[in-house]
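Notes follow the structure.
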There are 2 protein chains.
Amino acid sequence: MMPSPTRNPVTASEPDPSRRNNLALLTSLVHHNGVLSRAQLTKRTGLNRSTVGALIGQLVNLEVVYEAAPSGEAQVGRPSPIVHPRPSIAALAVNPEIDAVTIGLVGLGGKVQKKIRFDTERIPTAKEAVNIAAAVIEGMRSELDTSYRVMGVGIAVPGLVNRDDGVVRHAPHLGWRDEPVARMLGEATGYPCHAANDASLGAEGELLFGAGAGQKNLIFLNGGASGIGGGIIADGELLRGTSGYAGELGHTFVRSSGKPCHCGATGCLETEVSQSPLFELAGIGGGDAGELEQALRQNSSEAVDTEVARQLEYLGIALRNAVNTFNPEAIVLDGFLGILHALSPGTLVSSLQSQAMDGPAGQVKIYRAALGSDLMMIGAAELAFTQFLADPAGALAALPLSKVDYVH
Amino acid sequence: MMPSPTRNPVTASEPDPSRRNNLALLTSLVHHNGVLSRAQLTKRTGLNRSTVGALIGQLVNLEVVYEAAPSGEAQVGRPSPIVHPRPSIAALAVNPEIDAVTIGLVGLGGKVQKKIRFDTERIPTAKEAVNIAAAVIEGMRSELDTSYRVMGVGIAVPGLVNRDDGVVRHAPHLGWRDEPVARMLGEATGYPCHAANDASLGAEGELLFGAGAGQKNLIFLNGGASGIGGGIIADGELLRGTSGYAGELGHTFVRSSGKPCHCGATGCLETEVSQSPLFELAGIGGGDAGELEQALRQNSSEAVDTEVARQLEYLGIALRNAVNTFNPEAIVLDGFLGILHALSPGTLVSSLQSQAMDGPAGQVKIYRAALGSDLMMIGAAELAFTQFLADPAGALAALPLSKVDYVH
DNA sequence: GGAGTTTGTTTCGCTATCCAACATATTACG
DNA sequence: CGTAATATGTTGGATAGCGAAACAAACTCC
């Protein structure tokens with residue numbers, strides 16, 4: 001009576017890809033779940049003990065993971081060694097914003113090893129952002145060459161990015177248009193570079209390492225100085241669309257005869273819900289999300305409450321649409337959207353209950369993002385890890401020879 | 001520089017599933033593409049000639065497909081036999097509507113073998129619909145037993161359906177609530193039954209056999225007497241959501257202080273855009289989409305133009321949202337939405353160009369649905385075929401013994 | 001300290017695939 | 001009309017990767 005969970009296959013499974021596939025599966029599990037015992041890996045994969053043993057052995061040889069003593073947890077039976085990802089396998093992350101370019105180094109396992117924020121006097125051009133990133137990476141070069149194996153660079157851009165070719169189609173707040181940033185940074189650094197929308201990467205980051213862990217369907221919304229970005233995870237996979245532009249929930253229609261938006265339409269979520277009036281009411285000129293929340297809580301007033309309620313109403317409309325459309329398990333809010341929700345926790349939930357359709361709205365949970373300022377680094381690095389995770393042995397074999405003197 | 005097309009695996013590929021997988025792959029290819037030569041199959045699957053030969057041999061033995069003489073097309077080299085799906089492998093389709101219950105029989109390959117529309121005096125209850133379907137199927141029983149191997153029954157319901165357990169959560173226009181229709185029909189007929197939202201199934205039908213053939217990302221919108229339903233194909237897969245409720249684009253917000261909708265919200269697409277005012281303006285009381293289109297074209301007037309323009313405006317807002325969110329290659333419109341588009345072909349395209357964001361809107365094509373009245377039968381049957389297509393040999397082995405006397 | 005339990009390890013066999021060589025059926029061309 | 005070229009089906013190994021089973025190891029429970 002129940003439909004089978006199996007999917008109709010679209011690709012043939014050849015024997016060679018079979019091993020690669022399982023190697024990739026184990027690598028991803030270790031990377032995303034951090035610490036798992038071999039016994040847990042056999043359960044999670046459904047593979048035989050002996051097979052997992054052989055595969056882990058290969059990953060140990062490749063120095064992708066290492067096995068450590070079993071955890072102290074008292075359990076009947078022979079203890080199973082713990083498999084750890086080696087953070088010396090790493091990816092670089094770059095995140096240009098309107099007032100800074102942040103560069104990070106993230107190890108396998110998702111831990112941020114290093115983060116450098118380079119403040120800019122004015123909004124950086126694509127070329128400037130690439131130059132800054134390349135210079136900072138050049139500064140780390142000797143350390144990278146000796147202690148890490150870098151799988152590539154991921155660039156998180158607040159705007160429409162074609163994920164296939166790494167071209168920023170349009171980043172309105174940065175003023176970029178048709179900038180092939182991935183190619184530019186690739187030529188400058190020599191690393192394979194990929195670019196994608198920042199909120200999409202944020203969604204993946206929160207899915208894998210943050211508030212959305214374990215979910216299969218979730219909506220991520222980030223509110224920042226550069227407007228509202230969205231990323232959607234459907235059935236465990238990021239929704240990309242034809243060119244990787246999917247997820248622009250900031251331009252959901254929420255108001256008839258609303259203000260015109262830079263995108264050409266009117267009544268977009270992004271024009272009705274923004275952080276600048278909140279900063280004004282909070283009485284501070286600028287700053288990060290943490291300062292804004294503190295200031296809003298201290299300067300509580302009717303004006304603040306009214307503005308928060310107004311913004312939450314429009315946010316509720318956008319979320320209602322999204323819930324009806326995606327039937328997600330969870331919604332994760334980051335940036336000032338997370339603050340709005342935290343200031344009036346029940347509002348969004350109850351407006352969804354009354355406005356969205358019974359079925360989809362029933363189970364939705366609303367969370368605040370968990371990874372904070374590391375999120376973009378982790379998400380962007382994930383982009384750079386993609387190829388490696390799909391074929392660990394192949395990616396390492398293709399790696400240029402380096403003087404890596406592994407950090408143990 | 002380009003991201004690899006390989007995805008991170010989520011399931012282990014064991015050796016046994018490997019054969020099953022490839023068998024399933026071939027079966028799906030033959031089913032969905034109809035007629036392919038063995039040479040084409042080897043190219044499409046990437047498998048070895050000898051492997052495809054062995055697999056096809058097994059499918060021939062299982063009487064899932066048969067091989068026929070090569071097509072007359074003049075080509076260098078030894079001609080390759082054509083592989084045909086056997087329509088004797090079949091699925092039943094049931095589609096309850098407010099004024100009828102339609103039952104169909106669809107063969108492997110997607111051809112509707114039989115379609116019976118049972119008109120009802122009034123809106124059928126779930127029990128009535130199940131009884132009607134069971135009775136019609138009972139009438140076909142001897143033919144089914146002798147000439148077909150029926151893989152199951154798919155039920156296409158205009159409403160929220162939990163695909164996992166086949167329970168209709170809420171079908172507002174039918175007045176159903178929490179009806180376990182799949183279980184009910186399963187008990188009445190003895191066939192494995194599944195249920196899903198009609199528009200979702202329509203999307204899959206058009207994707208596989210109709211206007212969306214070959215696309216990976218498309219949005220399907222159906223306008224009928226029971227409002228507006230939607231189905232979304234993302235990356236080649238139907239978007240299901242947590243419980244299979246995803247795709248309710250009929251409840252996209254399109255108007256502030258709009259009319260209240262039965263769903264609890266206001267300003268839904270479905271309340272602003274509906275076919276009843278069109279029928280009134282056309283001067284006909286009721287009928288199907290074909291009659292409506294003809295009548296509207298004949299009774300052309302300013303009132304008609306105004307109403308069409310008004311509805312297209314709201315439809316445009318909903319599509320703008322959907323395009324920004326999904327970045328699809330194509331939009332497929334069925335029912336009266338297809339008529340609206342056909343009456344004023346450029347309107348939607350140009351409103352998308354001006355309102356949706358540059359990137360996503362750039363390439364979107366808008367089509368009218370191609371499968372017409374067979375669509376629901378094909379979509380629902382596809383639901384019933386799912387298990388079979390995922391594991392043809394296993395599904396046939398599990399089939400109760402029958403007196404099938406195959407029709408060749 | 002022995003029984004029971006869980007897990008790592010090793011060996012063996014099986015399955016499904018690819019590869020290579022050969023057979024077959026067609027077109028191209030003189 | 002016959003031979004070359006081409007594409008495809010067919011057959012018989014060879015191989016890779018996994019599972020099963022038997023055994024060994026390490027722990028808890030009593």
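Proteins come first, then strands; the chains are lettered A, B, ... in the order of their sequence lines, and each starts at number 1.
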Let me know, please, whether S50(A) or Q75(B) comes out on the 5' side of the other along DNA chain D by nearest nucleotide.
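Comparing both residues, the 5'-ward one is Q75(B).
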
Does G77(B) or S80(B) map to a spot on DNA chain D nearer the 5' end, using the closest nucleotide for each?
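The answer here is G77(B).
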
First encountered from the 5' end of DNA chain C, between E67(A) and R78(A)
R78(A)

Flag, side chain of E204(B) to backbone of G379(B), donor-acceptor distance under 3.5 Å
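No, the answer is negative, given that no donor and acceptor are paired below the 3.5 Å cut-off.
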
With no hydrogens and no angle check, is any side-chain donor or acceptor of R38(B) less than 3.5 Å from a backbone partner on E67(B)?
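Not a single qualifying donor-acceptor pair exists.
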
Have a look at P70(A) and say if it touches a base, only the backbone sugar-phosphate, or nothing, with a 4.0 Å heavy-atom cut-off.
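Nothing, no heavy atom under 4.0 Å.
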
From [atom1] of [X] over to [atom2] of [N], roughly how many Å is that when rounded to an integer?
{"X": "L55(A)", "N": "dT9(C)", "atom1": "CG", "atom2": "P", "answer": "13 Å"}
{"X": "N21(B)", "N": "dT15(C)", "atom1": "CG", "atom2": "P", "answer": "18 Å"}
{"X": "L41(A)", "N": "dT6(C)", "atom1": "CG", "atom2": "C1'", "answer": "16 Å"}
{"X": "Q58(A)", "N": "dA16(D)", "atom1": "CD", "atom2": "C1'", "answer": "12 Å"}
{"X": "L36(A)", "N": "dT7(C)", "atom1": "CG", "atom2": "P", "answer": "13 Å"}

Would you indicate, yes or no, if dT10(D) has its OP1 or OP2 atom less than 4.0 angstrom from a side-chain nitrogen or oxygen of R38(B)?
yes

For a quick test of reading the model: is some side-chain N or O of R49(A) closer than 4.0 Å to OP1 or OP2 of dT9(C)?
no

Student check: side-chain heavy atoms of I233(A) and Q215(A) closer than 4.5 Å:
no

Could you tell me whether the side chain of V65(B) reaches within less than 4.5 Å of the side chain of V60(B), counting heavy atoms only?
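Yes, at least one pair of side-chain atoms sits under 4.5 Å.
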
What one should report as the nearest heavy-atom pair of L371(B) and F209(B) is CD2-O, 3.6 Å

Among [options], the one nearest [X] by side-chain distance:
{"X": "P79(A)", "options": "dC18(D), dT7(C), dA26(D)", "value": "dA26(D)"}
{"X": "A39(B)", "options": "dG8(C), dC18(C), dT8(D)", "value": "dT8(D)"}
{"X": "N48(B)", "options": "dC18(D), dC19(C), dT8(D)", "value": "dC19(C)"}

